[in-house]
Colleague: 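Quick one: the structure is below, questions incoming.
Only heavy atoms go into these numbers, but all of them, side chains included; no hydrogens, no water, no symmetry mates. Just so it is clear: chains get the letters A, B, ... in the order the sequence lines come, proteins before strands, and each one is counted from 1.
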There are 2 protein chains.
Amino acid sequence: MPVPVLKSGRLDVMGNTSSRTLRLLSLLQTHRHWAGSELADRLNVSLRTVRRDIDRLRDLGYPVDPQRGIDGGYQLAPGATLPPLVVDDEEAVALVLGLLAGAQSPVAGTAEASVRALGKVIQVMPKRLRRRVDALRSTTEQATWVPPAASVEGDTLIAVAQACRDSERLDFDYTAADHVRSQRRVEPHRLVSLGRNWYLVAYDLTRQDWRSFRLDRLAAPRTTGTRFGPRDLPADGAAAFVRAGIAKIPRPVQVDAVIAAPVDEVRSRVGRWASIDERADGTCRLQFSTESLDWATLTLGATGADFAIQGPPELLEHLRTWADRFTRATKIRGARLK
Amino acid sequence: MPVPVLKSGRLDVMGNTSSRTLRLLSLLQTHRHWAGSELADRLNVSLRTVRRDIDRLRDLGYPVDPQRGIDGGYQLAPGATLPPLVVDDEEAVALVLGLLAGAQSPVAGTAEASVRALGKVIQVMPKRLRRRVDALRSTTEQATWVPPAASVEGDTLIAVAQACRDSERLDFDYTAADHVRSQRRVEPHRLVSLGRNWYLVAYDLTRQDWRSFRLDRLAAPRTTGTRFGPRDLPADGAAAFVRAGIAKIPRPVQVDAVIAAPVDEVRSRVGRWASIDERADGTCRLQFSTESLDWATLTLGATGADFAIQGPPELLEHLRTWADRFTRATKIRGARLK
DNA sequence: CTCTTTAGGACAGGAACTGGCATCAAGGGG
DNA sequence: CCCCTTGATGCCAGTTCCTGTCCTAAAGAG
């Protein structure tokens, strides 16, 4: 007789109200609209209790909009804070892939947040999902690739980020700018994304001083498992510390060109992120900024039309070398190079 | 006297155990390692209760690894399912941007999942965060842009996805392939990502039949707010239905080239997703597949070295046109085009 | 071995959860 | 305008289960 019959009061297993609150949250996130009776059915409680649970959610700060009358129900609405997100397997994988892409294209300061979120998810993600992520990553990478940036392995990024978050000592191999390799043992402090690169600010236990390391020159990170206490960084902040040691952030390229094609066509081929102005003679003026001449070249090439460069001059030079190489490539038959 | 002093039993507001379970989950997600006493402190309960709460989490299926002895504590471990994710504001923004990118580069079937997750997050995201997402999107777009695909507005994608999920009628403007514009009222059924395009499978209420719509030709979607019941789709599934109406999926381009540069250099410039084989004479062979000739061209250009194309022939042709246009561009002075 | 920290049983008081019932309010449809 | 459906709220009684205290075990670290 596994099911004890109770006249009233709480029933079945344990952690009831907690578990039910989470399940309710999860249900409200999958569908927009839920009838009270349906929720009661799913949660195995009376309608009255469902209403109380909904009230509980509201008290927790997650607004639930009611809808009365026939075909009424509840729906989760935007509140002051984001409720705990309940995602299924596929969504989790998509989420991680998206965050990886976001972490590796440090555009507008979301890179750090991407890595933080990534750390959270990776930590608790079932292993089977990690495998799926690994399998898909190689495929996805292409779409998120940004030409000439020194790229960091996703695994490295996550491992270092977690070590920072958890204040765990970190060992790794480092290849300095002068190609000298060394083994390091550090107390990782913060991860900073500057320009197109990732930097680790850490206290180097061997050198007994603060250092910053470029993540793309860092290999085989492994945590020793030992945690360490806080230590004061001399500079004003991690980002300032890195910037003091670098002082050169890649300067963006301001592209300005005239395209021999109508505005609409250029826009459809180039995307919405460039500014495109119409000109009187059916051509248009294309302006955008990027950090890479390669990217600028691709954009101009993708317009599929003739164009003229107003600036910058180095782009013109870059185009010339590409044109020369392409021309040579079209004249070579087979694999005979050199 | 706002704080009632109680000798025993539960205290303060309401929804205690639920709220505490969520807060515990949130704490365990931010740091890897938490001492029991610290948790007790944060949650304002006794140590014994914290242990019981941890037990509750374990019963809910979220393994919490203990660590005994000095400097012991708890940490959330990967379990069978992903626990509800508690993310802060910045992480939420990063998450949405990542998912948007994932939804718009339909690589390996994660596109649908990205859109689903996106729907969940958007629905409950505080408005101030939505504004931040909107502000950042234009900046981010560049990095996730894939050359010549018909691009779909993020807002459109989300709106249609939500209408599908919630079974709500949808009105929109549609521009067919023959440029004829029309107003549609449909019952949206599913969103399918095929090749590089998004398709909406829906029952057209005006035409009284099932149709599939390309999302990039769809504008100003708006839900009427009225829900509808399930309706049987004639074909085997949404994807099959779309495929039946299309039948041409963009064929991938298999690129095979020889580069006049050493393997290491090519790899560092091109990325890890292409296969690069060493050749005897210091050159290397580069192979990869992509759906876009433009992309292939960029990749070859980014190697920064001379190269020869083994195939496909259309790539050679494509290179020639680019080279010609680039050459012309370098010969034009100023904005005088045509 | 000792110290620290988690694990978990027993216990008692009391808070809080549950279902049922009644009343009110709000939409939708005829 | 009336009726029906569905959510909002208050109250009650029964009982469950949550909480802090006390205590004993067990497991790592030094």
Colleague: May I have the distance from A:Asp59 (atom CG) to D:dA8 (atom P), rounded to whole angstrom?
Modeller: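 Taking atom P of D:dA8 as the reference, CG of A:Asp59 is at 13 Å.
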Colleague: Verify side chain to side chain donor-acceptor pair (under 3.5 Å) between B:Gln208 and B:Tyr203, making sure each step is shown before the conclusion.
Modeller: CA-CA 7 Å; B:Gln208 296 274 7; B:Tyr203 185 83; 3.2 Å; yes
Colleague: Has the side chain of B:Arg68 got a donor or acceptor atom sitting under 3.5 Å from an opposite partner on the base of C:dT5?
Modeller: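 Counting by modelled atom types and ignoring angles, no donor-acceptor contact under 3.5 Å is found here.
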Colleague: Check every atom of D:dG7, D:dC11, D:dA29 against the side chain of B:Ile70 and return the nucleotide holding the closest atom.
Modeller: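 Ranking D:dG7, D:dC11, D:dA29 by closest atom to the B:Ile70 side chain puts D:dA29 first.
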Colleague: State plainly whether the residues A:Arg222 and A:Asp173 are in salt-bridge range, i.e. N to O under 4.0 Å.
Modeller: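 Looking at A:Arg222 and A:Asp173, the cut-off is met.
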Colleague: So does B:Arg185 have more than 12 non-hydrogen atoms from other groups sitting under 6.0 Å from CZ?
Modeller: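 No - once you tally the heavy atoms of other residues, nucleotides and ligands closer than 6.0 Å, there are 12 at most.
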Colleague: Within this structure, what is the CG-to-C1' distance between B:Leu47 and D:dC22, rounded to whole angstrom?
Modeller: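 It works out to 13 Å between those atoms.
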Colleague: Expressed in angstrom and rounded to an integer, what is the separation of B:Arg52 atom CZ from D:dC17 atom P?
Modeller: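 So the CZ-P distance, B:Arg52 to D:dC17, works out to 13 Å.
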Colleague: Name the closest nucleotide to the B:Ser46 side chain, picking from D:dC11, C:dT6, D:dT21.
Modeller: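 Ranking D:dC11, C:dT6, D:dT21 by closest atom to the B:Ser46 side chain puts D:dT21 first.
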Colleague: Which whole-number value in Å describes the distance from B:Asp55 CG to D:dT19 C1'?
Modeller: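 About 15 Å, once rounded to whole Å.
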Colleague: Please report the distance, rounded to the nearest Å, between NE2 in A:His33 and C1' in C:dG27.
Modeller: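 Rounding to the nearest Å, NE2 of A:His33 and C1' of C:dG27 are 12 Å apart.
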Colleague: Side-chain N or O of A:Arg58 versus OP1/OP2 of D:dA8: is the shortest distance under 4.0 Å?
Modeller: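 Yes, such a contact exists.
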Colleague: Any side-chain heavy-atom pair from B:Leu95 and B:Leu85 closer than 4.5 angstrom?
Modeller: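 Result no, sub-4.5 Å side-chain heavy-atom pair not found.
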Colleague: Using the side-chain heavy atoms of B:Thr17, tell me which of these nucleotides is nearest: D:dT19, C:dT6, D:dG7.
Modeller: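 Given the options D:dT19, C:dT6, D:dG7, the side chain of B:Thr17 is closest to D:dT19.
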Colleague: Name every residue in residues 35-42 of chain B that has at least one heavy atom under 4.0 Å from any atom of DNA chain C, in order of residue number, or write none if there are no such residues.
Modeller: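 Residues of residues 35-42 of chain B that come under 4.0 Å of DNA chain C are, in numerical order, B:Ala35, B:Gly36.
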Colleague: In whole angstroms, how far is the C1' atom of C:dT5 from the CD1 atom of B:Ile54?
Modeller: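 After rounding, the reported distance stands at 13 Å.
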Colleague: Ignoring hydrogens and geometry beyond distance, is the side chain of B:Arg48 in donor-acceptor contact with the base of C:dG9 at under 3.5 Å?
Modeller: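 In this structure, the two groups form a donor-acceptor pair.
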Colleague: Measuring only between side-chain heavy atoms, which start at C-beta, is A:Asp209 closer than 4.5 Å to A:Asp204?
Modeller: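 Not in contact.
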Colleague: Report the distance from atom CG of B:Asp65 to atom P of D:dG28, rounded to the nearest whole Å.
Modeller: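 To the nearest whole Å, that distance equals 12 Å.
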Colleague: Of the listed nucleotides (D:dA8, C:dT6, C:dC17), which one gets closest to any side-chain atom of A:Arg56?
Modeller: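 Looking only at heavy atoms from C-beta outward on A:Arg56, the closest nucleotide is C:dC17.
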Colleague: Run the salt-bridge test on B:Arg56 and B:Asp53 with the 4.0 Å N-O cut-off and return the result as yes or no.
Modeller: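 Looking at B:Asp53 together with B:Arg56, the answer is yes, because their closest N to O distance falls below 4.0 Å.
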Colleague: Any side-chain heavy-atom pair from B:Pro66 and B:Arg58 closer than 4.5 angstrom?
Modeller: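 Answer yes - side chains close enough.
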Colleague: Between B:Glu112 and B:Val192, does a side-chain contact (heavy atoms from CB on, under 4.5 Å) hold up when you go through it step by step?
Modeller: CA-CA 7 Å; B:Glu112 274 102 344; B:Val192 180; 4.2 Å; yes
Colleague: How long is the line joining CD of A:Gln75 and P of C:dG27, in whole Å?
Modeller: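 My rounded result for the distance is 14 Å.
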Colleague: Please state whether the phosphate of C:dT18, meaning OP1 or OP2, lies under 4.0 angstrom from any side-chain nitrogen or oxygen of A:Arg20.
Modeller: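 So the side chain of A:Arg20 is within the cut-off, an N or O lying under 4.0 Å from OP1 or OP2 of C:dT18.
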Colleague: Specify the angle, to 10°, made by the local axes at the two ends of the helix from C:dC1-D:dG30 to C:dG30-D:dC1 when five pairs are taken at each end.
Modeller: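 Axis angle across the helix from C:dC1-D:dG30 to C:dG30-D:dC1, nearest 10°: 60°.
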Colleague: Do A:Gln75 and B:Asp166 have side chains that approach each other closer than 4.5 Å (heavy atoms only, starting at C-beta)?
Modeller: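 SC-SC contact between A:Gln75 and B:Asp166 ruled out.
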Colleague: Measure from the side-chain N and O atoms of B:Glu91 to the backbone N and O of B:Asp88, and report whether any donor-acceptor pair falls under 3.5 Å.
Modeller: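 Side chain of B:Glu91 to backbone of B:Asp88, a donor-acceptor pair under 3.5 Å: yes, one is there.
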